[in-house]
Amino acid sequence: MRTLLLTACAVSSILAGTAPAIAADVSPPAARMQEAGARLKALYEAETDAGMARYGIVKRADGEYSPAVRHESVDPASQQERLTYVRGLLRQLDAIPLDDLSAEDRINAAVFRTNLEHALIDGQFRQWEMPFNSDSSFWTYLDQPGSLRTAEEYRAYIARMRDTPRYFDQHLANMRDGLARGFSVPRVTLEGREASITNFITDTAEANAFYAAFRQMPSTIPAEEQARLRAEATAAVNEAVIPAYKTLLAFYLNEYQPRARTALAARDMPDGVAYYESQVRKYTTLELSGEEIHQIGLSEVARIQAEMRQTMADAGFQGSFDEFLHFLRTDPQFYAKTPDELMMVSAWVAKRADGQIGKLIGALPRRRFTIIPVPDALAPFYTAGRGGLESCQMNTYDLPSRPLYNIPALTLHECAPGHSFQMALAEEQADGPAFRRHTYFSGYGEGWGLYTEWLGVEMGIYRTPYENFGRLSYEMWRAARLVIDTGVHLKGWSREQAIDYLAGHTALSRHEVETEVDRYISWPGQALSYKLGELTIRRLRSEAEAALGENFDPRPFHDEILALGAVPLTTLEEHMRAYIARGGKPVVAAQGVVAPSQS
């Protein structure tokens, strides 16, 4: 591992050095290409069907899938069986000559291989023994079954409710194994997170979030059938869901939290340095050392800091940088008085963006999204927002910690042209392999989300120096993650050091700072993907602008990235350099993915 003092150019050269050589644009003979493609397709389709079967999903004669009737089995025997299967798939994938594949199938193979390698990473370190962190957990979102339209779908949801005790018991057994070997979420990040459990322990089934889908059912289901389904749901919530959450709560408070590790750093866990390096590879899809990432972070922090100071001057503020941050965190003009006010600011940003997106992106999705508050059970310790296919979320908990000058950048990232927009376009790429529609790589997805915050400048979204400072503060937030994540997990930073660093460099509120730092402590490596992905996309754009000159058009450039879908960043670089080499003409019609994301 080499230590580098980085300038902005050095950042670019390090990231550029991670990309593989571009495959020669020479097509193999048709017969060989067809045979290799068929072998690859057989592998990824078999894996897709096996994955569906773990949830009791069956492919019907018409090619459609039945709804899931159970949760997956997560006990050690099932995990080991899965690993054996994955190793076998990798051996078969290795036997397919890459040069015999079409350009599109080379992308499919790269995505498929990376998925399998990530499964091996999780298996090697028995990640199932630590199945949650301060941000995300196996017990949340089970109450959100999506749009239920038929009695069959409602019964499948009830079956999953009934399966909750078994599913939780297996996770609890795994977590006990993790505790026994010192592989756990750090204790300091667990405080107060039990609220996400207690929310599902209600006095009546009808008051429970799991019952919400039954309050208003489609009129196409007969009234008598609706009554039967509601009765079955009431029984399932009372007999399975609430008891399972009570058992989980007792375990969390009385067993897990007292025995969780007190050390913060991933390096202090069993085989900790190797574990952290594996998480870096998994979330960034780049071959960078922790030290290289730390230095990239320091370089980006210095660059953004200079822009922030200039924006402070543009605002006409007379005082120090620290005084400006204090002003932003405390002046009432920057804070909503009601949740609706914050939501309306976000909605107004989204509609203004609608008027500009077509100037920068050619292909627009048909699906619409809505903007909703973060659920009450998660909001107190959740991030500022989250994107999704059907909706993007804004956190309205503790309004004095949610400055309105951050909302424009947050809305672009989570809604459009960020996550909701990208996922909708991906959903419409219906001709490719099913596994591509269910794959998500943080480097690509979060890199695009952060890149769209920067696009907001071209779109004219930031109307005041304060809103532009909010954008820069959000960019600084992601740059500081590179320093903090590696600082905590490789250099032994304390929680207080991490909090002071983030608070001293951004306009985030104290509540947001502490919530975010706990997320980095409990989720090693994930936070690195945003800035490294954004740097990759911005560098590729700079290369395209330099190579194409006055022929550069941002619309086909962005269309090419979005049509490609979630891929490893090395694959994105190879693909977009081929696009540039062809004078900005499409390389291949590739497929997208649909997946959740984080801020």
Side-chain angles (χ1 to χ4, degrees), residues 55-57 66-72 132 136-172 192-253 338-340 343 370-382 386 388-398 596:
Y55 295 88
I57 300 172
S66 65
V69 297
R70 62 174 176 264
H71 302 296
E72 64 177 328
F132 77 103
S136 306
S137 64
F138 63 86
W139 60 82
T140 52
Y141 291 116
L142 300 181
D143 62 313
Q144 298 183 24
S147 300
L148 302 179
R149 292 183 284 274
T150 67
E152 180 191 22
E153 291 174 344
Y154 274 96
R155 285 204 171 86
Y157 178 41
I158 293 169
R160 296 197 299 275
M161 288 191 218
R162 287 284 185 187
D163 193 39
T164 303
R166 189 271 315 164
Y167 180 59
F168 280 16
D169 286 347
Q170 289 184 350
H171 273 302
L172 267 55
R193 266 62 178 186
E194 69 272 11
S196 64
I197 303 172
T198 58
N199 188 68
F200 298 104
I201 301 173
T202 54
D203 293 333
T204 66
E206 291 76 11
N208 199 286
F210 277 83
Y211 188 82
F214 296 86
R215 293 184 186 125
Q216 184 172 354
M217 301 172 68
S219 60
T220 50
I221 301 176
E224 299 82 358
E225 184 77 350
Q226 290 190 28
R228 283 193 295 270
L229 290 170
R230 288 191 177 100
E232 292 175 24
T234 298
V237 172
N238 283 330
E239 296 168 9
V241 172
I242 293 175
Y245 277 91
K246 285 182 176 178
T247 299
L248 173 62
L249 179 64
F251 169 80
Y252 184 95
L253 292 176
T338 67
D340 277 357
M343 298 294 284
T370 186
I371 304 176
I372 61 175
V374 171
D376 291 341
L378 302 176
F381 48 85
Y382 212 54
R386 185 139 299 176
L389 176 61
E390 296 183 350
S391 63
C392 52
Q393 302 177 4
M394 297 289 131
N395 199 329
T396 58
Y397 172 82
D398 189 20

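Reckoned from all heavy atoms, side chains included, excluding hydrogens, waters and symmetry mates.
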Inset, instruction - Check the pair M343 / T396 against side chain to side chain contact (heavy atoms under 4.5 Å, CB included), numbers first and verdict last. - result: CA-CA 8 Å; M343 298 294 284; T396 58; 3.9 Å; yes
Inset, instruction - Assess whether side chain to side chain contact (heavy atoms under 4.5 Å, CB included) is satisfied between R149 and T220, documenting all intermediate values. - result: CA-CA 8 Å; R149 292 183 284 274; T220 50; over 6 Å; no
Legend entry - CA sep, side-chain torsions, deciding dist, call: R160, L142, side chain to side chain contact (heavy atoms under 4.5 Å, CB included): CA-CA 9 Å; R160 296 197 299 275; L142 300 181; over 6 Å; no
Inset, instruction - Would you please test Y382 and Y397 for side chain to side chain contact (heavy atoms under 4.5 Å, CB included) and show each step? - result: CA-CA 9 Å; Y382 212 54; Y397 172 82; over 6 Å; no
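Put simply, the side chain of N395 never gets that close to the backbone of V374: no donor and acceptor are under 3.5 Å apart. The main-chain N or O of D163 is never found under 3.5 Å from a side-chain atom of R70 such that the two would form a donor-acceptor pair. When atom types are taken as modelled, the side chain of E194 and the backbone of A250 share no donor-acceptor pair closer than 3.5 angstrom.
Rounded to the nearest 0.5 angstrom, I221 CD1 and E152 CD are separated by 11.0 Å. Taking CD1 of I158 as the reference point, atom OG1 of T234 lies at 9.0 Å (rounded to 0.5 Å). Interatomic distance, OH of Y245 versus OH of Y252, reported as 14.0 Å (0.5 Å rounding). Rounding to the nearest 0.5 Å gives a distance of 12.5 Å between CZ of R155 and CG of L148. Going from atom OG1 of T140 over to atom CG of N199 covers 11.0 Å, rounded to the nearest 0.5 Å. Atoms CZ and OG1, on F200 and T202 in that order, are 10.0 Å from each other to the nearest 0.5 Å.
Counting all heavy atoms, side chain and backbone alike, A205 lies closest to Y211 at O-CB, 3.2 Å. Considering every non-hydrogen atom in both Q216 and Y154, the closest pair reads O-OH, 4.0 Å. The nearest pair of heavy atoms linking A244 to T164 is CB-CG2, 3.8 Å. The shortest non-hydrogen separation linking P375 to Q144 is CG-NE2, 4.0 Å. The heavy-atom pair separating A240 from M161 by the smallest distance is CB-O, 3.5 Å. R215 approaches N208 most closely through the heavy-atom pair NH2-O, 3.4 Å.
In this structure the side chain of S136 reaches within 4.5 angstrom of the side chain of R386, judged on heavy atoms. Put simply, the side chain of Q170 does not reach to within 4.5 Å of the side chain of H71, judged on heavy atoms. Using a 4.5 Å cut-off on side-chain heavy atoms (C-beta onward), L253 and I197 make no contact.
The six-membered or imidazole ring of F168 lies near that of F138, with a centre-to-centre distance under 6.0 Å.
Of the charged side-chain nitrogens involved, at least one lies within less than 4.0 Å of a carboxylate oxygen, so that E239 and R162 count as a salt-bridged pair. A salt bridge links E225 with R228: the closest approach of a Lys/Arg side-chain nitrogen to an acidic carboxylate oxygen falls below 4.0 angstrom.
Dense packing is recorded around CG of D398, with more than 12 heavy atoms of other residues, nucleotides or ligands lying under 6.0 Å away.
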